[in-house]
Enquirer: 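Provided herewith is a single structure, encoded as structure tokens, for subsequent inquiry.
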Amino acid sequence: MSTAELKSNLCRLIDGISDHSVLSALYAILLRVPAQDGWDTLEDEQKAEIEEAMGQLDNGEGIPHEKVFSKFEGR
């Protein structure tokens, strides 16, 4: 089943629920679902570049956050 079909079926099922407590429980469950971070939508090259940058940061090769922001203070 495709994502669009799943969404459509879920909407149809939810629309058929009239019990407030069931809707509230379902709502609470859906709020706990973690938001997608977009990683799966990136190209392999983009993922590799991010992983390389994270490695550089782990090796102390980055610029500290405070130093970057202090450079732009007062502008």
Side-chain angles (χ1 to χ4, degrees):
M1 185 178 306
S2 72
T3 301
E5 290 170 319
L6 282 171
K7 286 181 180 182
S8 177
N9 289 343
L10 279 170
C11 288
R12 198 169 27 261
L13 288 170
I14 292 169
D15 194 44
I17 299 171
S18 56
D19 186 315
H20 182 79
S21 62
V22 172
L23 288 169
S24 293
L26 181 57
Y27 182 73
I29 290 168
L30 291 174
L31 285 177
R32 284 187 228 128
V33 174
Q36 294 180 343
D37 62 6
W39 182 259
D40 294 336
T41 64
L42 296 175
E43 299 290 328
D44 289 341
E45 183 178 332
Q46 292 170 310
K47 290 178 182 179
E49 289 172 354
I50 291 170
E51 289 170 347
E52 179 184 351
M54 296 297 285
Q56 290 171 341
L57 289 173
D58 290 343
N59 293 330
E61 299 172 22
I63 300 171
H65 179 83
E66 295 80 19
K67 187 173 182 178
V68 172
F69 274 89
S70 68
K71 182 178 179 179
F72 296 99
E73 279 184 36
R75 287 189 178 187

Enquirer: Who pairs with Ser18 by side chain to side chain donor-acceptor pair (under 3.5 Å), at least two apart in sequence or on another chain?
Expert: none
Enquirer: Output the rest of the hydrophobic cluster of Leu31: all Ile, Leu, Val, Met, Phe, Trp and Tyr residues reachable through side-chain heavy-atom contacts under 4.5 Å, sorted by chain and number.
Expert: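 Tyr27, which link up through side-chain heavy atoms under 4.5 Å apart, make up the rest of the cluster.
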Enquirer: Quick check: closest heavy atoms across Asn9 and Met1, and the distance to 0.1 Å?
Expert: ND2-SD, 3.3 Å
Enquirer: Restricting to side-chain contact (heavy atoms from CB on, under 4.5 Å), what partner residues turn up for Glu43, sequence neighbours left out?
Expert: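 Once residues adjacent in sequence are excluded, the partners of Glu43 under the side-chain contact (heavy atoms from CB on, under 4.5 Å) criterion are Gln46.
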Enquirer: Tell me whether Leu6 is reachable from Ile14 by hopping between hydrophobic residues (I, L, V, M, F, W, Y) whose side-chain heavy atoms are closer than 4.5 Å.
Expert: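 Each belongs to a different hydrophobic cluster.
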Enquirer: Restricting to side-chain contact (heavy atoms from CB on, under 4.5 Å), what partner residues turn up for Ser21, sequence neighbours left out?
Expert: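 Counting only residues at least two positions away or on another chain, Ser21 forms a side-chain contact (heavy atoms from CB on, under 4.5 Å) with Asp19.
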Enquirer: Taking the side chain as C-beta and beyond, is there a heavy-atom pair between Glu5 and Ser8 under 4.5 Å?
Expert: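 Result no, sub-4.5 Å side-chain heavy-atom pair not found.
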Enquirer: List, one per line, each side-chain donor-acceptor pair under 3.5 Å for residues 49-61, sequence neighbours excluded.
Expert:
unit_1 : atom_1 : unit_2 : atom_2 : d
Asn59  : ND2    : Gly55  : O      : 3.2

Enquirer: With sequence neighbours left out, what residues match Ser24 under side chain to side chain donor-acceptor pair (under 3.5 Å)?
Expert: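 Result, side chain to side chain donor-acceptor pair (under 3.5 Å) vs Ser24: His20.
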Enquirer: How does the hydrophobic cluster around Leu10 look, that is, which other residues are in it when side-chain heavy atoms under 4.5 Å mark a link?
Expert: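 None; Leu10 is a cluster of one.
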Enquirer: Asp15: which residues meet the side chain to side chain donor-acceptor pair (under 3.5 Å) condition with it, sequence neighbours left out?
Expert: none
Enquirer: Which residues pass the side chain to side chain donor-acceptor pair (under 3.5 Å) test with Thr41, sequence neighbours left out?
Expert: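 Expected list: none.
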Enquirer: Applying side-chain contact (heavy atoms from CB on, under 4.5 Å), can you list everything that pairs with Leu13, at least two apart in sequence or on another chain?
Expert: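 With neighbours one apart ignored, the set is empty.
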Enquirer: Taking side-chain contact (heavy atoms from CB on, under 4.5 Å) as the definition, give me every residue that meets it alongside Lys7, ordered by chain and number, with sequence neighbours left out.
Expert: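 Here the qualifying residues are Thr3.
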Enquirer: So for atom CD1, which belongs to Ile63, do other residues, nucleotides or ligands contribute more than 12 heavy atoms lying within a distance under 6.0 Å?
Expert: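 No, not enclosed.
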Enquirer: Output the rest of the hydrophobic cluster of Ile29: all Ile, Leu, Val, Met, Phe, Trp and Tyr residues reachable through side-chain heavy-atom contacts under 4.5 Å, sorted by chain and number.
Expert: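 Listed partners: none, Ile29 stands alone.
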